[in-house]
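Below is one structure; the comments refer to it alone.
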Amino acid sequence: MTQILVIGSEGQLGNEIQKLSKDIQEASFVFTSLETLDVTDSNKLDETVRNTNYDYIINCTAYTAVDKAEEDQNLAYEINAQALEVIGLASKAINAKVIHVSTDYVFDGCNHKPYIESDTTAPQSVYGKTKLKGEQLLMEKNHNSIVIRTSWLYSSHGNNFVKTMIKLGQERDELGIIFDQIGSPTYAGDLAKSIIHMVKSDIAQSIPFIAGIYHYSNEGVASWYDFARTIHKKKGIQCALKPIESKEYPTPAPRPHYSVMNKGKIKKAYQLTIPHWEDSLEHCLAELDIKQN
Ligand SMILES: NC(=O)c1ccc[n+]([C@@H]2O[C@H](COP(=O)([O-])OP(=O)(O)OC[C@H]3O[C@@H](n4cnc5c(N)ncnc54)[C@H](OP(=O)(O)O)[C@@H]3O)[C@@H](O)[C@H]2O)c1
């Protein structure tokens, strides 16, 4: 039976992969979390990967606190970059294929059209720089790796923009939301489905595992202001939203002004139909309602 190791399975994406794994008969999954496998422990990470003949390693760990990373550079590097070198070497030794997730923050945001995979990277933050290094180290050590860059990830699990907007919208009468950063929201459930589809297609030999970098987000484009407005509208939250510029809300880590990614490559290679972000947002809100009741 196909053996799959999912590292960092208690995060937003990892949690969605766990949910989907229950319906997959053709593979057996092992899930690790920060508690059971801290990826900064290189020896343990190396041993965990090498000790079983895994066919696939899916890495969902990350140091995702974008602003905190500016001060916490070493830890961000260990988790987002160094661990990928270890995973790359160990997976290569057991001949396993790797699927790893990266970010739109590897770009500087100066484009005027959606980024393609071969566009020049120029990360502006420690988070973006360490994630880019992780991509490079993994692909250098194990050529049989897929890196999926995604953006504005959210789910019903963990902390994210959707949950923050619901909470703040219910607590306050007015909120200032940035309107000059444009990107594409991504529902972690959709990304998880696509990752599982890639693995299942390889197992079934219907679509082979095609190593390389891919871009993935939901369809459509939004500013954070548009995103917040839609969340409030769909939830019936009455809160005055004021569009503000990034310079009115300074953060330790600069964000790209434009980080829309072109998803043509992954859609064509894996015959994917990607939902629009507004439709996926509805799924997530419905799931949140179920959790609350
Ligand atoms: N979130 C976004 O907006 C966003 C945007 C673009 C790309 N991405 C990328 O998408 C991927 C998935 O993101 P996500 O939102 O699912 O992240 P997440 O919810 O923050 O999950 C990351 C997981 O990694 C775990 N982790 C942190 N340090 C670890 C360590 N030393 N050893 C083992 N596990 C560790 C975390 O555990 P704890 O929670 O216990 O710390 C958490 O369960 C990441 O590669 C991220 O860079 C995310």
Side-chain angles (χ1 to χ4, degrees), residues 5-19 31-46 48-49 57-69 72 74-84 86-87 98-107 109 115 121 123 125-135 137-138 145-165 181 183-192 194-195 213-218 222 224 227 251 253 255-256 259-261 263 277 284:
L5 172 66
V6 183
I7 309 174
S9 60
E10 293 296 333
Q12 298 193 85
L13 177 63
N15 198 264
E16 296 296 329
I17 291 179
Q18 282 201 56
K19 284 192 222 161
F31 296 100
T32 68
S33 64
L34 173 58
E35 263 182 24
T36 57
L37 175 63
D38 181 337
V39 299
T40 63
D41 182 343
S42 297
N43 290 336
K44 191 168 176 193
L45 176 58
D46 182 73
T48 307
V49 174
I57 318 279
I58 303 173
N59 181 38
C60 302
T61 61
Y63 185 109
T64 51
V66 177
D67 289 319
K68 217 169 139 212
D72 208 2
N74 290 345
L75 187 59
Y77 184 85
E78 282 180 53
I79 297 167
N80 291 345
Q82 194 176 292
L84 273 305
V86 179
I87 293 171
V98 182
I99 298 184
H100 170 62
V101 181
S102 188
T103 171
D104 53 333
Y105 286 11
V106 298
F107 296 113
Y115 282 96
T121 51
S125 60
V126 168
Y127 170 71
K129 284 176 190 158
T130 55
K131 291 293 292 182
L132 178 61
K133 190 71 188 166
E135 295 182 0
L137 286 169
L138 172 67
S145 297
I146 282 178
V147 170
I148 304 174
R149 292 185 185 137
T150 192
S151 58
W152 299 23
L153 202 65
Y154 68 91
S155 75
S156 62
H157 177 85
N159 296 318
N160 53 59
F161 186 77
V162 174
K163 288 167 87 175
T164 304
M165 283 306 111
Q181 286 171 27
S184 301
T186 307
Y187 177 42
D190 292 332
L191 175 57
S194 300
I195 291 174
I213 299 176
Y214 296 89
H215 288 172
Y216 185 98
S217 67
N218 278 120
W224 290 112
F227 193 16
T251 50
R255 268 56 170 186
S259 65
V260 179
M261 295 185 292
K263 301 171 287 291
W277 68 264
C284 181

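Counting convention: from 1, in listed order, for ligands and their atoms alike. Because the structure is a prediction, the values reported are computed rather than measured.
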Whether Y127 and Y105 hold their rings parallel, tilted or perpendicular, with breakpoints at 30° and 60°: perpendicular
Within-4.5 Å side-chain heavy-atom neighbours: K68 and Y63: yes
Taking atom 16 (O) of ligand 1 as the reference point, the nearest protein heavy atom with its distance: L13 N, 2.9 Å
Within-4.5 Å side-chain heavy-atom neighbours: D38 and K44: no
Which residue and heavy atom of the protein sit nearest atom 34 (N) of ligand 1, plus the separation: T61 CG2, 3.4 Å
Ligand 1 atoms in contact with V101 (distance to a heavy atom under 4.0 Å): 9 (C), 10 (O), 11 (C), 45 (O)
Side-chain donor/acceptor of Y216 to backbone N/O of M261, under 3.5 Å: no
T103 N/O under 3.5 Å from ligand 1 N/O: no
Heavy-atom donor-acceptor pair, S184 side chain to V260 backbone, under 3.5 Å: no
Distance filter under 4.0 Å to E10 heavy atoms, resulting ligand 1 atoms: 43 (O)
Option of least heavy-atom distance to atom 48 (C) of ligand 1 (set: W152, Y127, Y216): Y127
Parallel, tilted or perpendicular, as decided by the 30° and 60° cut-offs, for the rings of F227 and W277: perpendicular
Side chain proximity check, Y154 to T186, heavy atoms < 4.5 angstrom: no
Distance flag for atom 5 (C) of ligand 1, protein heavy atom under 4.0 Å: yes
Distance from atom 31 (N) of ligand 1 to nearest protein heavy atom, with residue and atom: D38 OD1, 2.9 Å
Over 12 foreign heavy atoms within 6.0 Å of NZ, K133: no
For atom 43 (O) of ligand 1, the option (of S9, A62, G11, A188) bearing the nearest heavy atom: G11
Nearest neighbour in protein (non-hydrogen) for atom 41 (O) of ligand 1: L34 CD2, 3.8 Å
Heavy-atom nearest neighbour in the protein, as seen from atom 20 (O) of ligand 1, with distance rounded to 0.1 Å: T64 OG1, 2.8 Å
For S102, the ligand 1 atoms whose distance to one of its heavy atoms is below 4.0 Å: 7 (C), 9 (C)
I7 side chain near L45 side chain, heavy-atom distance below 4.5 Å: yes
Check: T150 N/O within less than 3.5 Å of ligand 1 N/O: no
Parallel, tilted or perpendicular: ring planes of W224 versus W152, cut at 30 and 60 degrees: parallel
Contact atoms of ligand 1, heavy-atom distance to L37 under 4.0 Å: 32 (N), 33 (C)
Proximal atoms of ligand 1 relative to K131 (non-hydrogen, under 4.0 Å): 44 (C), 45 (O), 46 (C), 47 (O)
Heavy atom of the protein closest to atom 22 (C) of ligand 1 (residue, atom name, distance): C60 O, 3.6 Å
Backbone of A81 reached by a side-chain donor or acceptor of T130 within 3.5 Å: no
Closest protein heavy atom to atom 19 (O) of ligand 1, given as residue, atom name and distance to 0.1 Å: Q12 N, 2.9 Å
salt_bridge(R255, D104) N-O dist < 4.0 Å: no
Element-labelled atoms of ligand 1 that are located less than 4.0 Å from some non-hydrogen atom of I79: 28 (N), 31 (N)
Atom 12 (C) of ligand 1 [closest protein heavy-atom partner, distance rounded to 0.1 Å]: L153 CD2, 3.8 Å
Enclosure of D41 CG (heavy-atom neighbours >12, cutoff 6.0 Å): yes
Per-atom contact, atom 39 (O) of ligand 1, protein heavy atoms, under 4.0 angstrom: no
Check: V39 N/O within less than 3.5 Å of ligand 1 N/O: yes
